[in-house]
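Every heavy atom of this structure was used, including side-chain atoms; hydrogens, water molecules and symmetry mates were not.
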Amino acid sequence: MNEPLVSVCLITYNHIRYIRQAIDSVIAQRLNVKWEIIVADDCSTDGTSEILKEYNARHPNLIRLVLQNPNVGPARNFIDLIASARGKYIAYMECDDYWIDDFKLQSQFDFMEANPDYAISFTNAYEILNNELSTRKAMKDLGIPSRTIAQDELLQYNCILSLTSFFINNKLTLPVWWSSNLKLGDWAFHILNSYSGKIYYSNKVTACYRMHFQGAFSMRDPKIKAIDYIESGEIIRKSIKQEYNQVMIKGQASRVKALLRISIDESDRGLYFKNFKKYIHLLTFKDITKYFIKGLLMK
């Protein structure tokens with residue numbers, strides 16, 4: 001029996017409000033090669049698992065399930081999901097998002113087959129507030145043309161929209177540091193995948209990224225998001241190839257400065273001094289002087 005060429009890997013936990021739209025958007029894909037859908041559910045308690053079983057019964061030759069019991073946490077659930085993929089390529093999405101282009105997979109498959117020196121491709125997406133399409137806006141500037149993304153860009157910030165990602169199935173064995181206190185695991189995962197090839201970005205909008213208050217990251221306080229990026233970047237920087245360190249430090253320094261500006265503007269003295277001390281090693285002497293003086297003046 002031939003193995004699928006594309007594995008669509010969906011991850012979910014308590015997504016009962018969104019799960020049908022997510023799966024339906026994947027089933028609607030027009031793909032002319034053998035493919036599969038794998039959904040990993042981390043022991044949902046809201047009825048998500050029952051909906052998944054319903055879809056599996058309707059599409060037994062297309063959909064496979066990874067049903068965790070008991071709950072194993074997002075990192076372990078992701079590892080088990082990706083390890084289950086049999087395809088040459090993997091497409092990934094969380095089940096509170098959805099695709100809107102029925103030829104998304106075919107376009108990405110065709111590109112990757114024609115360009116074997118690429119390891120990752122991704123597209124633009126709309127960002128919507130809850131389910132209000134009237135709020136949608138492109139996550140990337142539509143004026144930016146489709147192009148190759150330099151690895152340095154990925155090292156400085158997570159420029160890949162994971163809900164549109166399509167990448168070579170490298171059968172990665174994720175290192176221990178990946179699942180240990182790493183808030184932005186998708187960023188690290190893309191960096192590890194980028195070791196094996198180039199990254200391509202298409203500015204065509206193929207998906208919707210849903211902003212909602214149950215979301216793990218989208219609606220968090222900007223200061224907390226910045227801290228997550230800085231702390232995750234520190235873990236990644238200390239764990240990957242040494243030659244990437246200086247590139248990552250530049251990105252981390254810009255995040256630290258942004259965090260300090262937010263803290264100062266909002267007169268959040270405690271957060272300002274805590275993070276100034278914690279991340280001082282990422283800043284130049286000029287930066288240190290500038291922000292330390294500002295902090296003193298505002299005491």
With sequence neighbours left out, what residues match [X] under salt bridge (Lys or Arg N to Asp or Glu O under 4.0 Å)?
X	result
Arg30	none
Asp24	none
Asp186	none
Glu113	Lys88

Legend entry - Donor-acceptor pair between Asp152 and Gln156 side chains, under 3.5 angstrom: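 Result is no, nothing qualifies.
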
Inset, instruction - Classify the side-chain pair Asn71/Asp42 by whether it contains a donor and acceptor separated by less than 3.5 Å. - result: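 Yes, a side-chain donor-acceptor pair sits under 3.5 Å.
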
Work out which heavy atom in [X] is nearest to a heavy atom in [Y]; give both atom names and the distance.
X	Y	value
Gly87	Asn169	O-ND2, 3.0 Å
Arg210	Tyr98	NH2-CD2, 3.4 Å
Ala207	Ile100	N-CG1, 3.6 Å
Trp177	Ala188	CZ3-CB, 3.8 Å
Cys43	Asn69	SG-OD1, 3.9 Å
Cys208	Leu163	O-CD1, 3.4 Å

How long is the gap from [atom1] on [X] to [atom2] on [Y], to the nearest 0.5 Å?
X	Y	atom1	atom2	value
Asp101	Lys204	CG	NZ	4.0 Å
Cys95	Arg17	SG	CZ	15.0 Å
Asn193	Asn170	CG	CG	5.0 Å
Ile90	Ile168	CD1	CD1	10.5 Å
Leu154	Ser194	CG	OG	5.0 Å
Ile160	Ile120	CD1	CD1	4.0 Å

Legend entry - Cluster link Phe103 to Leu105, ILVMFWY, side chain under 4.5 Å: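 No.
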
Legend entry - Ile79 reachable from Val72 in the ILVMFWY side-chain graph, under 4.5 Å edges: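 Different clusters: Val72 never reaches Ile79 through Ile, Leu, Val, Met, Phe, Trp or Tyr contacts under 4.5 Å.
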
Legend entry - ring pair (Phe, Tyr, Trp, His ring centres under 6.0 Å) partners for Tyr55, two or more places apart: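 Tyr55: no ring pair (Phe, Tyr, Trp, His ring centres under 6.0 Å) contacts found.
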
[X] side-chain N/O to [Y] backbone N/O, donor-acceptor pair under 3.5 Å:
X	Y	value
Trp178	Thr173	no
Asn77	Ile11	no
Glu153	Ala150	yes
Asn56	Ile63	yes
Trp35	Leu62	no
Gln106	Asn32	yes
Thr123	Thr164	no
Ser25	Trp99	yes

Inset, instruction - Carefully, step by step, assess Val26 and Met93 under the rule side-chain contact (heavy atoms from CB on, under 4.5 Å). - result: CA-CA 10 Å; Val26 176; Met93 182 173 66; 3.8 Å; yes

Inset, instruction - Scan for salt bridge (Lys or Arg N to Asp or Glu O under 4.0 Å) pairs involving residues 6-16, sequence neighbours excluded, and state none if there are none. - result: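 Non-adjacent pairs meeting salt bridge (Lys or Arg N to Asp or Glu O under 4.0 Å): zero.
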
Legend entry - All pairs passing salt bridge (Lys or Arg N to Asp or Glu O under 4.0 Å) where residues 52-69 contributes a residue, at least two apart: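 Found Arg20-Glu54, Glu36-Arg64, Glu54-Arg58.
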
Residues two or more places apart in sequence or in another chain: which of them pass side chain to side chain contact (heavy atoms under 4.5 Å, CB included) with [X]?
X	value
Pro74	none
Ser44	Tyr13, Asn14, Asp41, Asp46, Thr48, Ser49
Ser232	Leu182, Lys183, Leu184
Asp117	Asn115, Lys198

Legend entry - Criterion ring-ring contact (aromatic ring centres under 6.0 Å, His included) on Phe167 and Phe189, from CA distance to verdict: CA-CA 11 Å; Phe167 48 90; Phe189 183 79; 5.4 Å; yes

Inset, instruction - Take Leu155 and Ile240 through the test side-chain contact (heavy atoms from CB on, under 4.5 Å) and record every step on the way to the result. - result: CA-CA 10 Å; Leu155 290 169; Ile240 62 174; 3.9 Å; yes

Close side-chain approach of [X] to [Y], heavy-atom, < 4.5 Å:
X	Y	result
Lys34	Leu5	no
Ile37	Cys9	no
Asp97	Tyr18	no
Val66	Ile38	yes
Lys104	Asp102	no

Legend entry - All side chain to side chain donor-acceptor pair (under 3.5 Å) counterparts of Asp80, not counting sequence neighbours: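 Counting only residues at least two positions away or on another chain, Asp80 forms a side chain to side chain donor-acceptor pair (under 3.5 Å) with Gln68, Arg76.
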
Legend entry - Pair Tyr209-Asp96, side-chain contact (heavy atoms from CB on, under 4.5 Å): steps then yes or no: CA-CA 8 Å; Tyr209 174 76; Asp96 52 350; over 6 Å; no

Legend entry - Steps toward ring-ring contact (aromatic ring centres under 6.0 Å, His included) verdict (Tyr89, Phe166): CA-CA 7 Å; Tyr89 303 105; Phe166 189 97; 5.3 Å; yes

Legend entry - Derivation of the side-chain contact (heavy atoms from CB on, under 4.5 Å) call for Ile51 and Ile23: CA-CA 10 Å; Ile51 293 174; Ile23 297 178; 5.5 Å; no

Inset, instruction - Anything under 30° is parallel, anything over 60° is perpendicular, the rest tilted; go ahead and classify Tyr200 against Phe111. - result: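 Rings of Tyr200 and Phe111: parallel, under 30°.
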
Inset, instruction - Mind running ring-ring contact (aromatic ring centres under 6.0 Å, His included) on Tyr92 and Phe78 for me, showing each step along the way? - result: CA-CA 10 Å; Tyr92 174 76; Phe78 178 85; 5.4 Å; yes

